[in-house]
Amino acid sequence: MKRKFWSKQILDLVPYTPGEQPKINDLIKLNTNENPYPPSPKVVQVLQNFNTDHLSRYPDPSSSALNKVLADYHQVSNNNVFIGNGSDEVLAHAFMAFFRQQEPILMPDISYSFYTVYCDLYDIKATPIAINNDFEIQLTDYNIANGGIIFANPNAPTGSALSLSDIEKLLQVNTESLVIVDEAYVDFGAQSAIELTKKYDNCLVIQTFSKSRALAGLRIGYAIGHHELIEALERVKNSFNSYPLDMLAQACAVASVEDDEYFQKNLKTVCDTRDWTEQQLTALGFTVISSKTNFLFATHSAVSAVDIMTALREKKIIVRHFTKDKISNYLRISIGTDQQMQQLIAELQQIIK
Ligand SMILES: *Cc1c(COP(=O)(O)O)cnc(C)c1O
């Protein structure tokens with residue numbers, strides 16, 4: 001009974017379950033919102049030319065070169081940028097740094113499921129706020145006492161996005177606590193709240209290289225906000241792990257940001273494929289939530305989500321299903337290549353008919 005050595009908090013903890021990363025090669029993997037294309041060729045060059053002698057040294061603890069290109073890219077100062085080992089780590093540090101308050105924090109009832117795990121890990125109370133019948137976040141419902149607010153924009157797993165003016169209205173009324181906007185998917189067509197961080201010192205924006213920059217394997221995320229918010233994140237980071245990003249991740253991330261042409265082209269390709277897939281799904285009788293992301297959230301009136309998922313799996317296509325009541329008849333389908341999506345639609349035609 002080794003469990004007797006566990007801390008009480010860990011005994012009760014229900015960890016986040018990441019989407020499956022199967023070892024089988026010929027699967028069409030539409031379950032974790034990865035980019036179906038490789039990262040920029042400039043990133044590949046960095047890896048090919050990397051001098052491995054450097055690996056005996058520790059990496060730059062503050063990822064300064066990456067900090068500089070990100071600050072330039074987003075037109076903020078160096079001290080407005082915090083870099084972490086994936087945005088999951090940035091989120092974890094932010095929960096630790098800002099959300100351990102008297103009042104509960106607020107978040108949508110349907111959102112990124114890691115948020116509630118961080119709450120349990122750090123003993124933070126949270127009040128879920130229901131999304132509306134159209135599966136949209138209603139920010140006017142957040143105008144109540146709170147210890148902080150977090151939502152993903154666009155939201156996950158629904159894909160729908162808020163306008164910047166709605167977010168600004170929230171920041172104007174909610175002045176006494178921090179608002180975190182998780183922009184993991186913002187590059188696929190939503191408006192970033194980074195502009196608002198310059199005007200409102202209680203707004204922190206978090207982004208990632210995992211989806212739009214096709215670098216999920218390197219684990220790179222960052223936050224942008226008022227320099228005192230960044231300072232708090234640095235404190236947590238330097239009390240936990242001073243070297244969150246390895247040398248390769250830092251160098252590759254810089255190369256990715258510097259190749260904006262590739263980035264924009266990739267985004268357009270994925271968005272075009274998304275829009276084509278949405279039309280096809282609608283024609284097959286699916287209800288699809290309008291998406292500003294690299295995935296579609298869809299339900300079918302005649303065939304259940306679980307049956308569709310099981311049938312697709314037999315055809316070696318994997319999609320993501322969530323068991324939460326409100327969304328248990330929906331599937332989240334990541335956008336793959338054109339060919340992969342054509343195959344998906346062809347299989348669905350068989351399954352639905
Ligand atoms: C994918 C995702 C993340 C995590 O991204 P990483 O940078 O890979 O850790 C965070 N938030 C949302 C909403 C996501 O979908």
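Order of listing sets the numbers, starting from 1, for every ligand and every atom in it.
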Check: Looking only at protein heavy atoms, which one is nearest to atom 11 (N) of ligand 1, and how far off is it?
Finding: Asp182 OD2, 2.7 Å
Check: Any side-chain heavy atom of Val181 sitting closer than 4.5 Å to one from Leu162?
Finding: no
Checklist line | Minimum-distance protein heavy atom relative to atom 1 (C) of ligand 1 | finding: Lys211 NZ, 1.2 Å
Note to self: On the six-membered ring of Phe295, is Arg332 placed so that its NZ or CZ lies under 6.0 angstrom from the centre and within 45° of the ring axis?
What the structure shows: yes
Item checked: Distance filter under 4.0 Å to Gly86 heavy atoms, resulting ligand 1 atoms -> 7 (O), 9 (O)
Next item on the list: May I ask you to test the Thr116-Met107 pair for a side-chain heavy-atom distance under 4.5 Å?
Entry: yes
Check: Is there at least one pair of N or O atoms, one from Tyr112 and one from ligand 1, spaced under 3.5 Å apart?
Finding: no
Next item on the list: Looking only at protein heavy atoms, identify the closest one to atom 5 (O) of ligand 1 and say how far it is in Å.
Entry: Ser87 OG, 2.9 Å
Item checked: Contact partition for Tyr185 relative to ligand 1, non-hydrogen atoms under 4.0 Å -> side chain
Notebook entry, point to check: Within 45 degrees of the axis of the six-membered ring of Tyr185 and under 6.0 Å from its centre: does Arg274 put its NZ or CZ there?
Noted result: no
Notebook entry, point to check: To the nearest 0.1 Å, how far is atom 9 (O) of ligand 1 from its closest protein heavy atom, and which atom is that?
Noted result: Arg219 NH2, 2.8 Å
Notebook entry, point to check: Which pair of heavy atoms, one from Glu89 and one from Pro244, lies closest together, and at what distance?
Noted result: OE1-CB, 3.4 Å
Margin query: Would you say the ring centers of Tyr16 and Tyr112 fall short of 6.0 Å from each other?
Written below: yes
Notebook entry, point to check: How close does the nearest protein non-hydrogen atom get to atom 8 (O) of ligand 1, and which residue and atom is it?
Noted result: Ser210 OG, 2.6 Å
